[in-house]
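Some notes on the structure that comes next.
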Amino acid sequence: GGRRAAKAEVRGGRGNAAKEGQAEGGQAARRGGGGVVGAGKAVTLARQTAASTTGVVGAYQGKLDAFANASFRGASLSQFSVMLTATSAEDFLDESTVINRVAQDTHHTLDQAVKARDAAAKAKSDAVAADTAAASAKTQADQASVAAAAATVTAQSKKAQLDAAVGQYKELYNRLS
């Protein structure tokens, strides 16, 4: 009875050590690998967002350039200018309304351009952060891979030691028989 228990213990110990080493290696690899995929997706999304917001900024840039060009060429958009050039009260009201509408549109365009520029800067910052996170995830995955390899080597070493012990126990068992 005691010999059988000793054999079962040796066999069980050998299997458990190898299984534990494999489990440790697998867990280490899973810990590192999952972050790389998620970080890669975040980088792609951040880059797409940065590209689209940069396009919006470009669209507003054309409008801003046109307004600056008109102002540079001497287009006068002040109420005082309207008052001096109006030929009647009705003409003054018409020109004032147009000037006010142009001013509102210009103000709205400037506000939207500033918002687009800020969104583009944030998207670029997010893309840089996502790149950093991806690099960190890759480093962790590499470390996990190294840990998995080390756990595998440790498990193989333990298995070899246990196999040697099993051989000794078998030899002792055979001597007793």
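Computed from a predicted model, the values in this text were never measured in an experiment.
Interatomic distance, Ser145 OG to Gln140 CD, rounded to the nearest 0.5 Å: 13.5 Å. Put simply, CG on Asp94 and CD1 on Ile99 are 12.0 Å apart, with the number rounded to the nearest 0.5 Å. The CG atom of Asp163 sits 9.0 Å away from the NZ atom of Lys170 when rounded to the nearest 0.5 Å.
The closest donor-acceptor contact from the side chain of Thr97 to the backbone of Leu93 lies under 3.5 Å. Judged by distance alone, the side chain of Thr139 and the main-chain N or O of Ala135 form a donor-acceptor pair under 3.5 Å.
Residues that satisfy the side-chain contact (heavy atoms from CB on, under 4.5 Å) test with Gln112, not counting sequence neighbours, are Tyr60, His108, Lys115. Scored by the side chain to side chain donor-acceptor pair (under 3.5 Å) test, Glu171 finds Arg175 as partners (sequence neighbours excluded). Remark: Ser88 engages no residue in a side chain to side chain donor-acceptor pair (under 3.5 Å) (not counting sequence neighbours). Residues satisfying the side-chain contact (heavy atoms from CB on, under 4.5 Å) test with Val98, not counting sequence neighbours, are Val102.
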Review item, side-chain donor-acceptor pairs of residues 119-131, under 3.5 Å, at least two apart:
residue : atom : partner : partner atom : Å
Lys122  : NZ   : Asp126  : OD2          : 2.9
Asp131  : OD1  : Arg47   : NH2          : 2.9
Asp131  : OD2  : Arg47   : NH2          : 3.4

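Residue pairs that meet the salt bridge (charged side-chain N to carboxylate O under 4.0 Å, His left out) test with at least one member in residues 97-112, sequence neighbours left out, are Arg101-Asp105.
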Would Val114 and Arg117 count as a side chain to side chain contact (heavy atoms under 4.5 Å, CB included) if you check the C-alpha gap in whole Å, the side-chain angles of each, and the deciding distance to 0.1 Å? CA-CA 5 Å; Val114 168; Arg117 183 199 63 210; 3.9 Å; yes
